[in-house]
Structure formats: structure tokens, C-alpha cells
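A short worksheet on the structure shown next.
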Amino acid sequence: MPFKSRVEEEHDATIVISSGDESFEEFMDAIVSFYADRPTRNVIVDFFGKPPFRLTSEQVARLARLGERQDGSRFGGKTALVADRDCNFGIMRMFEALGKFSGLPFEVRVFRSVGQAWEWLRKPPARVQFSRGRLPAGRSK
């Protein structure tokens, strides 16, 4: 099993820990599975100490597009990505930037430690963004 995850209900958060050897397709499948279940508003994806990613810029863009197509159940939520290796950190920063410009319904930030990620998750959201005119789940015009 490439990813291990657990839910911290008191923080409405899912913690996902990478094994470090996931393929791009396994990464995409994990995201689809996450949204198929009852997704939490907050997520920490931990790649700390893992080998360098083998992702292209197009694959990173596909990941961002997958997130923006979701139903709004994570509207106002946060995703914290954790990496200590410079190359992984840089790829995640690319995802963070794409998320800001593509209209993800949740905030994305990249951190060097899980402690920093938790500190950010516990703070109220800094901004509210709508994804290409969509309203959060349960809201109507």
C-alpha cells in the first residue's frame, strides 16, 4: 500500500503519509479515492524524508486540475504538503502556485515540517476563494 492515512476528526483532517515509491497513477488514484469517500476539509500530505519525486510539470498540472473538479466538499479547507528535500519542496510549490491560479476551493501551502503544517491548519483560513464561479457544497445562488 503506497499511502497510509488516518483521520483526526477533532481537526476535520486527514493525514496521509507517503511510502516514497508511489507512481503518478497511484497518486491520482489516492486523490480520487479520498474524494469518493467523505473527505475532510483539511489534509496533511507528508513526504518528509522521501526520495525525489519523478513528476513532470504536466503531471503536477493534472493534479491541480483534479482538485479543482471536486464537488466543493472541501471549500474553505486547507491542504498542507510537507517535504524536506529541496526538489520535492519545489515541485510542491509549483502545485501550490497552480492551485492559487486555477481556483482550487481550498488553500494549499508547503512546509518543511509536520509541526509547521499543523500550526497553519489550526489557524482560521486566511481567505475564501470560489472555484470558477462555483459555490461551496450545500449553498445555492
Side-chain angles (χ1 to χ4, degrees), residues 2-141:
F3 291 98
K4 294 180 184 174
S5 65
R6 71 179 190 280
V7 174
E8 302 244 345
E9 291 185 24
E10 65 273 14
H11 300 291
D12 195 13
T14 300
I15 292 72
V16 180
I17 301 172
S18 167
S19 68
D21 61 359
E22 296 87 8
S23 69
F24 174 71
E25 292 307 321
E26 288 171 320
F27 201 49
M28 293 287 283
D29 289 345
I31 294 169
V32 169
S33 294
F34 171 74
Y35 280 103
D37 200 9
R38 289 182 19 215
T40 57
R41 285 176 48 117
N42 301 309
V43 177
I44 293 177
V45 184
D46 185 358
F47 292 99
F48 192 87
K50 304 306 180 218
F53 293 143
R54 292 189 173 99
L55 293 176
T56 66
S57 58
E58 175 54 35
Q59 289 172 324
V60 174
R62 281 181 59 196
L63 291 169
R65 286 192 302 271
L66 181 63
E68 75 182 53
R69 289 194 313 253
Q70 301 312 314
D71 65 3
S73 58
R74 294 197 55 228
F75 180 82
K78 297 178 177 183
T79 295
L81 306 171
V82 180
D84 55 334
R85 290 183 181 265
D86 289 342
C87 57
N88 292 350
F89 189 88
I91 289 170
M92 289 182 188
R93 291 278 297 160
M94 208 167 47
F95 178 78
E96 178 182 354
L98 285 169
K100 286 179 182 174
F101 293 108
S102 69
L104 289 176
F106 50 87
E107 288 184 76
V108 177
R109 289 286 254 338
V110 182
F111 299 93
R112 296 282 186 175
S113 75
V114 173
Q116 291 171 326
W118 271 116
E119 185 177 316
W120 176 67
L121 282 182
R122 289 183 180 118
K123 293 179 184 177
R127 61 185 161 80
V128 175
Q129 73 183 59
F130 290 90
S131 180
R132 298 193 178 170
R134 292 182 298 207
L135 294 171
R139 307 246 175 123
S140 59
K141 291 183 180 180

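This chain uses plain numbering: 1 for the first residue, then up along the sequence.
Between F34 and V43 the shortest side-chain heavy-atom distance falls below 4.5 Å.
In this structure, the separation between CZ on F24 and CG on D29 is 10.0 Å, given to the nearest 0.5 Å. Note that CZ of R109 is 11.5 Å distant from CG of L81, once rounded to the nearest 0.5 Å. Between the CZ atom of F111 and the CE atom of M92 there is a distance of 12.0 Å, given to the nearest 0.5 Å. The CZ atom of R41 sits 11.5 Å away from the CG atom of L121 when rounded to the nearest 0.5 Å. Summarising the geometry, atom CG belonging to L98 is positioned 14.0 Å from atom CZ belonging to R62; distances are rounded to the nearest 0.5 Å. Distance CG/L63 to CE/M94: 9.5 Å, rounded to 0.5 Å.
Between N88 and P51, the shortest heavy-atom distance links the atoms ND2-O, 3.2 Å. Shown here for V82 and A117, the closest heavy-atom pair between the two residues is CG2-CB, 3.8 Å. The shortest heavy-atom contact between A13 and W118 is CB-CH2, 4.1 Å.
Of the possible polar contacts, none joining the D46 side chain to the V114 backbone as a donor-acceptor pair under 3.5 Å is found. Without hydrogens or angle criteria, R74 side chain to P105 main chain gives no donor-acceptor distance under 3.5 Å. Between the side chain of D84 and the backbone N or O of F48, no donor-acceptor pair lies under 3.5 Å. Counting only distance, with no hydrogens or angles, the side chain of Q116 and the backbone of R112 share a donor-acceptor pair below 3.5 Å.
A cation-pi contact, defined as under 6.0 Å to the ring centre and within 45° of the axis, is absent between R85 and F47.
The side-chain hydrogen bond (donor to acceptor under 3.5 Å, both in side chains) search around R54 returns none, not counting sequence neighbours. For the side-chain hydrogen bond (donor to acceptor under 3.5 Å, both in side chains) test, residues two or more places apart in sequence or in another chain that qualify with E58 are R65. Taking D37 as the reference, nothing meets the side-chain hydrogen bond (donor to acceptor under 3.5 Å, both in side chains) condition, with sequence neighbours excluded.
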Item to check | Stepwise side-chain contact (heavy atoms from CB on, under 4.5 Å) check, H11 with N42 | outcome: CA-CA 8 Å; H11 300 291; N42 301 309; 5.6 Å; no
Checklist entry - Hey, mind stepping through S18 and F3 against side-chain contact (heavy atoms from CB on, under 4.5 Å) and telling me if it holds? => result CA-CA 5 Å; S18 167; F3 291 98; 4.1 Å; yes
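Side chains of T14 and T40: a donor on one and an acceptor on the other come within 3.5 Å.
Heavy atoms from other residues, nucleotides or ligands lying under 6.0 Å from CD of E119 number 12 at most.
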